[in-house]
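Keep in mind that what you see is a predicted model, and the values were worked out from it rather than measured. Atoms within a ligand are numbered from 1 in the order they appear, just like the ligands themselves.
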Amino acid sequence: MAPPPLDELAALLPAQVAVAYPPRKPSDTQSLLAIEADALGAMRPERRHEFAHGRTCARAALAALGLADTPIPVGTTREPVWPDGIVGSITHCGPHAAAVAAHSRVTAGLGIDLESSEPLETGQVALICQPAERDWLRRHADQPELAKLLFSAKESLYKCLWPSVRQFIDFSAIGIRIDTDTGAFAVETWDPALPGALLRRIAGRYLLRDGWILSAACIR
Ligand SMILES: CC(C)(COP(=O)(O)OP(=O)(O)OC[C@H]1O[C@@H](n2cnc3c(N)ncnc32)[C@H](O)[C@@H]1OP(=O)(O)O)[C@@H](O)C(=O)NCCC(=O)NCCS
């Protein structure tokens, strides 16, 4: 399988967003800062490598913003805790990982997600999609990867919204519209309990390439 198109991640986000995707190294776990290493205790070996690789990417993104050697602790609901004045996001998929970060004057939230484009199981489609999204998928039945794209876009959205919303959002609470001509997505419908003004400001972009889905969302 070809490597994921992480070299195109920067093109999915505003130019001021720092992007990093250094390859995974066995030494990633040793380079965790003390407060990050505290989280390792409860993790199995593969998860330790995944977590440490994500933190290596995140630190590289922060270094590009002039914040070298800044720890990114784990929050109470597993979210990365970025330094004051910074927003960012981490994703991993097997041995691949990437992180993005930006000053919060650039954007109020960033979310990225990397997935293989293997189709979702049928039962999962019902869980993650609203009726209009299921209709859209039926009209594009020749592209089974689009359901996985909806899933990935919603995970990016969730990460992007987290600093503003700080609550769990069910997949069925937000409906998105994907424009396959431009590679963009936007929020179309939402549960009235969610902040509509913020959701309208989400700008999403994605890539479907070589068996991979890469999605990114930011708040304009
Ligand atoms: C949090 C979640 C989005 C992570 O996605 P994932 O496919 O499991 O994994 P990814 O590798 O892409 O991302 C994992 C990283 O997301 C980050 N993350 C975890 N919780 C987060 C949160 N609440 N907000 C922002 N980022 C979060 C972490 O950095 C994590 O990596 P780490 O634990 O090594 O630090 C997912 O597990 C989840 O809970 N989804 C349910 C909610 C949802 O997506 N709703 C959609 C509403 S439209």
Which donor-acceptor pairs under 3.5 Å do the side chains of residues 118-132 make with protein atoms, sequence neighbours left out?
unit_1: Gln124; atom_1: OE1; unit_2: Glu121; atom_2: N; d: 3.0
unit_1: Gln130; atom_1: OE1; unit_2: Thr189; atom_2: OG1; d: 2.7
unit_1: Gln130; atom_1: NE2; unit_2: Ser172; atom_2: O; d: 2.9

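Arg138 CZ: more than 12 foreign heavy atoms inside a 6.0 Å radius.
Using cut-offs of 30° and 60° on the angle between ring planes, the pair His96 and Trp212 is perpendicular.
The salt bridge (Lys or Arg N to Asp or Glu O under 4.0 Å) check on Asp170 picks up nothing, with sequence neighbours excluded.
For the ring pair (Phe, Tyr, Trp, His ring centres under 6.0 Å) condition, the pairs that include at least one residue of residues 125-150, sequence neighbours left out, are Trp136-His140.
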Stepwise side-chain contact (heavy atoms from CB on, under 4.5 Å) check, Ser31 with Thr56: CA-CA 8 Å; Ser31 57; Thr56 301; 3.9 Å; yes
With the criterion set at N/O pairs under 3.5 Å, what does the list of contacts between the protein and ligand 1 look like, atom names and distances included?
unit_1: ligand 1; atom_1: 5 (O); unit_2: Glu155; atom_2: OE1; d: 3.1
unit_1: ligand 1; atom_1: 7 (O); unit_2: Glu155; atom_2: OE1; d: 2.6
unit_1: ligand 1; atom_1: 11 (O); unit_2: His92; atom_2: N; d: 2.9
unit_1: ligand 1; atom_1: 11 (O); unit_2: His92; atom_2: O; d: 3.0
unit_1: ligand 1; atom_1: 11 (O); unit_2: His92; atom_2: ND1; d: 2.9
unit_1: ligand 1; atom_1: 12 (O); unit_2: Thr91; atom_2: OG1; d: 2.8
unit_1: ligand 1; atom_1: 12 (O); unit_2: Asp113; atom_2: OD1; d: 2.9
unit_1: ligand 1; atom_1: 12 (O); unit_2: Lys159; atom_2: NZ; d: 2.8
unit_1: ligand 1; atom_1: 13 (O); unit_2: Lys159; atom_2: NZ; d: 2.8
unit_1: ligand 1; atom_1: 31 (O); unit_2: His92; atom_2: NE2; d: 3.2
unit_1: ligand 1; atom_1: 33 (O); unit_2: Arg47; atom_2: NH2; d: 2.6
unit_1: ligand 1; atom_1: 33 (O); unit_2: Arg78; atom_2: NE; d: 3.1
unit_1: ligand 1; atom_1: 34 (O); unit_2: Arg47; atom_2: NH1; d: 3.0
unit_1: ligand 1; atom_1: 34 (O); unit_2: Arg47; atom_2: NH2; d: 3.4
unit_1: ligand 1; atom_1: 34 (O); unit_2: His92; atom_2: NE2; d: 2.7
unit_1: ligand 1; atom_1: 35 (O); unit_2: Arg55; atom_2: NH1; d: 2.8
unit_1: ligand 1; atom_1: 45 (N); unit_2: Ile169; atom_2: O; d: 2.8

